[in-house]
Engineer: 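Below are the structure tokens for one structure; questions will follow.
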Amino acid sequence: MKRSSILTVVSLGLFTVFSISVQAQEKKESVGDKIEKTAKKVGDKTAEVAVKGTSKISDKVWKGKMAPDGTDVYINNKNQKYYVNKTGKKVYLKTSQIKDRPEDKK
């Protein structure tokens, strides 16, 4: 055999082995995993909306200010400033973390 044909056979064999090992490592997401992810997203959004609703009723919204992620800043009765994150948890802020909200241009 010629040297080029031997290299071709060897490289083809290596490519085949590599392709098979890559396919074996791929993990497909099951229906149960998809349902679990969706349920978590729905639960987080429900918690976020519930905590924000409670905060708007029981605490004051600091107008003209925003949290690092751009959401409203709330002030509780102990003068603590916080915002509600995407999972529905209150995240308390330092003064340096509070930003001025840009004015709407009309």
Side-chain angles (χ1 to χ4, degrees):
M1 283 182 128
K2 290 185 179 179
R3 184 179 178 140
S4 62
S5 61
I6 293 173
L7 288 175
T8 305
V9 170
V10 170
S11 62
L12 182 62
L14 289 174
F15 178 75
T16 304
V17 169
F18 181 73
S19 298
I20 292 171
S21 67
V22 168
Q23 288 177 355
Q25 292 177 358
E26 289 180 10
K27 181 182 174 191
K28 295 190 178 184
E29 193 173 29
S30 69
V31 174
D33 291 338
K34 289 179 182 179
I35 291 172
E36 185 177 336
K37 282 183 180 180
T38 304
K40 179 160 176 38
K41 286 180 186 179
V42 169
D44 288 346
K45 190 64 177 177
T46 302
E48 179 187 5
V49 170
V51 173
K52 281 184 178 181
T54 304
S55 295
K56 285 187 180 188
I57 293 170
S58 62
D59 299 330
K60 294 180 183 178
V61 177
W62 195 355
K63 294 185 181 187
K65 300 291 182 178
M66 67 180 188
D69 68 348
T71 59
D72 291 336
V73 176
Y74 301 97
I75 305 172
N76 65 10
N77 58 358
K78 296 179 183 176
N79 203 28
Q80 296 172 320
K81 285 83 174 174
Y82 67 92
Y83 72 99
V84 179
N85 67 7
K86 297 281 183 195
T87 60
K89 301 215 185 314
K90 292 181 181 180
V91 179
Y92 290 92
L93 298 167
K94 297 176 187 175
T95 307
S96 60
Q97 294 175 305
I98 301 171
K99 301 176 185 176
D100 291 330
R101 188 175 297 278
E103 295 181 20
D104 293 331
K105 294 181 181 178
K106 293 183 179 180

Engineer: Which heavy atom of Q97 sits nearest to which heavy atom of Y92, and what is that distance?
Structural biologist: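 The answer is OE1-O, 4.1 Å.
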Engineer: Looking at N85 and E48, what are the two nearest heavy atoms and their distance?
Structural biologist: O-CG, 3.6 Å
Engineer: What are the two closest non-hydrogen atoms of M66 and D100, and how far apart are they?
Structural biologist: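 Looks like CE-O, 4.1 Å.
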Engineer: Quick one: which of R101, K81, K65, K99 gives a salt bridge (charged side-chain N to carboxylate O under 4.0 Å, His left out) with D72?
Structural biologist: R101
Engineer: Considering only heavy atoms from C-beta outward, does the side chain of Y74 approach that of Q80 to under 4.5 Å?
Structural biologist: no
Engineer: Please say yes or no: joined through hydrophobic side-chain contacts below 4.5 Å, possibly via intermediate residues, are Y83 and V61 part of one cluster?
Structural biologist: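 No; V61 is not reachable from Y83 via cluster members.
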Engineer: Can you get from Y82 to I98 by hopping between Ile, Leu, Val, Met, Phe, Trp and Tyr side chains that sit under 4.5 Å apart?
Structural biologist: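 Different clusters: Y82 never reaches I98 through Ile, Leu, Val, Met, Phe, Trp or Tyr contacts under 4.5 Å.
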Engineer: Going through the checks in order, is the side-chain contact (heavy atoms from CB on, under 4.5 Å) test met by I75 and D59?
Structural biologist: CA-CA 6 Å; I75 305 172; D59 299 330; 5.9 Å; no
Engineer: Before accepting this row, confirm whether a basic side-chain N of the pair K40/D44 lies closer than 4.0 Å to the acidic partner's carboxylate O.
Structural biologist: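 Salt bridge flag = yes for D44 with K40.
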Engineer: Any donor and acceptor pair, going by atom type alone, linking the side chain of T71 with main-chain N or O of A67 inside 3.5 Å?
Structural biologist: no
Engineer: Enter the distance from K78:NZ to N76:CG here, rounded to the nearest 0.5 Å.
Structural biologist: 7.0 Å
Engineer: Tell me the closest heavy-atom pair linking L93 and P68, and the distance in Å.
Structural biologist: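 Closest approach of L93 to P68: CD2-CD, 3.8 Å.
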Engineer: Between V91 and W62, is there a shared hydrophobic cluster once you connect ILVMFWY residues whose side-chain heavy atoms come closer than 4.5 Å?
Structural biologist: yes
